[in-house]
K.L.:
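Sending over a structure as structure tokens; questions will come in a sec.
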Amino acid sequence: MSSSTTAWLILLLAGLFEVIWAVGLKYTDGFTRVWPTVGTLAAMACSLGLLGLALRTLPLGTAYAVWTGVGTLGTVILGIWLFSESADLLRLLCIGLIVAGIIGLKLVTH
């Protein structure tokens, strides 16, 4: 596996940890619940640590945009599923634009 492929996989994993900590924030109740807070902080550390590893190979702007995009996509999906947030067409179309941006950045990054 090439270092570029490895970096992209690490970046994807970093984005998934971003989803975990973003959703975890909802469960911390303003950082007043101990275990959700501990889990959220651990996921934050993993997410940032993995992003840092991916940045060894990937360009900063691309990696950061993809990291936040993956986090946004996952958080929106879980918000719809776990918290009954809106899934109206316009919202989903906007999320689709984020997905298109992630795919586009992957295609143009060497």
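These values consider heavy atoms only, across backbone and side chains, with no hydrogens, waters or symmetry-generated copies. Not measured: the values here are computed from a predicted model.
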K.L.:
Could you state the interatomic distance from OH (Y64) to CG (L105), rounded to the nearest 0.5 Å?
P.N.:
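Reported to 0.5 Å precision, the distance equals 14.0 Å.
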
K.L.:
Does I102 belong to the same Ile/Leu/Val/Met/Phe/Trp/Tyr cluster as L107, with side-chain heavy atoms less than 4.5 Å apart forming each link?
P.N.:
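In one cluster with I102: L107, yes.
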
K.L.:
Between L25 and M44, is any pair of side-chain heavy atoms under 4.5 Å apart?
P.N.:
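Sidechains of M44 and L25: in contact.
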
K.L.:
Give the C-alpha distance, both sets of side-chain angles, the deciding distance and a yes or no for side chain to side chain contact (heavy atoms under 4.5 Å, CB included) between I80 and L92.
P.N.:
CA-CA 11 Å; I80 292 168; L92 296 177; 4.1 Å; yes

K.L.:
Quick one: do F83 and V23 satisfy side chain to side chain contact (heavy atoms under 4.5 Å, CB included)? Show the steps, please.
P.N.:
CA-CA 10 Å; F83 307 116; V23 173; 4.2 Å; yes

K.L.:
May I have the step-by-step check of side chain to side chain contact (heavy atoms under 4.5 Å, CB included) for L93 and L97, ending in yes or no?
P.N.:
CA-CA 6 Å; L93 286 173; L97 292 172; over 6 Å; no

K.L.:
Is T32 reaching over with its side chain to a backbone N or O of D29, donor-acceptor style, under 3.5 angstrom?
P.N.:
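Such a contact is found between T32 side chain and D29 backbone.
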
K.L.:
Which pair of heavy atoms, one from T68 and one from A65, lies closest together, and at what distance?
P.N.:
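Looking at all heavy atoms of both residues, the shortest contact is OG1-O, 3.1 Å.
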
K.L.:
Go through it in stages, so that I can follow the logic: the residues are T37 and T40, the test is side chain to side chain donor-acceptor pair (under 3.5 Å), and I'd like the CA-CA distance, side-chain angles, deciding distance and then a yes or no.
P.N.:
CA-CA 5 Å; T37 297; T40 297; over 6 Å; no

K.L.:
Kindly determine whether L9 and M1 satisfy side chain to side chain contact (heavy atoms under 4.5 Å, CB included), including the steps that lead there.
P.N.:
CA-CA 11 Å; L9 290 173; M1 190 177 313; 3.5 Å; yes

K.L.:
Would you kindly confirm whether I10 and L55 end up in one hydrophobic cluster when ILVMFWY residues are joined by side chain heavy atoms under 4.5 Å apart?
P.N.:
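Shared cluster, no.
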
K.L.:
Please check if the side chain of T62 supplies one atom and the backbone of P59 the other of a donor-acceptor pair under 3.5 Å.
P.N.:
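No; judged by distance alone, with no hydrogens or angles, the pair does not exist.
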
K.L.:
Quick one: OG1 on T57 to CG on L11, what's the gap to the nearest 0.5 Å?
P.N.:
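These two atoms lie 10.5 Å from each other.
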
K.L.:
Using the rule that Ile, Leu, Val, Met, Phe, Trp and Tyr join whenever any side-chain heavy atoms are under 4.5 Å apart, tell me whether F31 and Y27 fall into a single cluster.
P.N.:
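Hydrophobic grouping puts F31 apart from Y27.
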
K.L.:
May I ask you to check whether S47 and W67 show a side-chain donor-acceptor distance below 3.5 Å?
P.N.:
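A pair is found: one side chain offers a donor N or O, the other an acceptor, under 3.5 Å apart.
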
K.L.:
Could you tell me whether a side-chain N or O of T75 sits under 3.5 Å from a main-chain N or O of T72, the two making a donor and an acceptor?
P.N.:
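Between the backbone of T72 and the side chain of T75 there is no qualifying donor-acceptor contact (under 3.5 Å).
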
K.L.:
Measure the CD1-CD distance between I77 and E85 for me, rounded to the nearest 0.5 Å.
P.N.:
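Atom-to-atom, I77:CD1 and E85:CD are 12.0 Å apart.
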
K.L.:
Could you give the distance from CG (L51) to CZ (R56), rounded to the nearest 0.5 Å?
P.N.:
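It comes to 12.5 Å.
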
K.L.:
Hey, could you give me the OG1/CH2 distance between T109 and W8, rounded to the nearest 0.5 Å?
P.N.:
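Answer for the OG1-CH2 pair, T109 versus W8, is 4.5 Å.
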
K.L.:
I'd like to know whether CZ of R91 has more than 12 heavy-atom contacts from other residues, nucleotides or ligands below 6.0 angstrom.
P.N.:
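Above 12, so yes.
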
K.L.:
Quick one: pull up CG in L16 and CG in L50 and give me the separation to the nearest 0.5 Å.
P.N.:
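If we round to the nearest 0.5 Å, L16:CG and L50:CG are 10.0 Å apart.
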
K.L.:
Look at the side-chain heavy atoms of Ile, Leu, Val, Met, Phe, Trp and Tyr, link any pair under 4.5 Å apart, and say whether L53 and V70 land in one connected group.
P.N.:
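Not linked; separate clusters.
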
K.L.:
When clusters are formed by joining ILVMFWY residues with side-chain heavy atoms under 4.5 Å apart, either directly or through shared neighbours, do L13 and I103 land in the same one?
P.N.:
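Hydrophobic grouping puts L13 apart from I103.
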
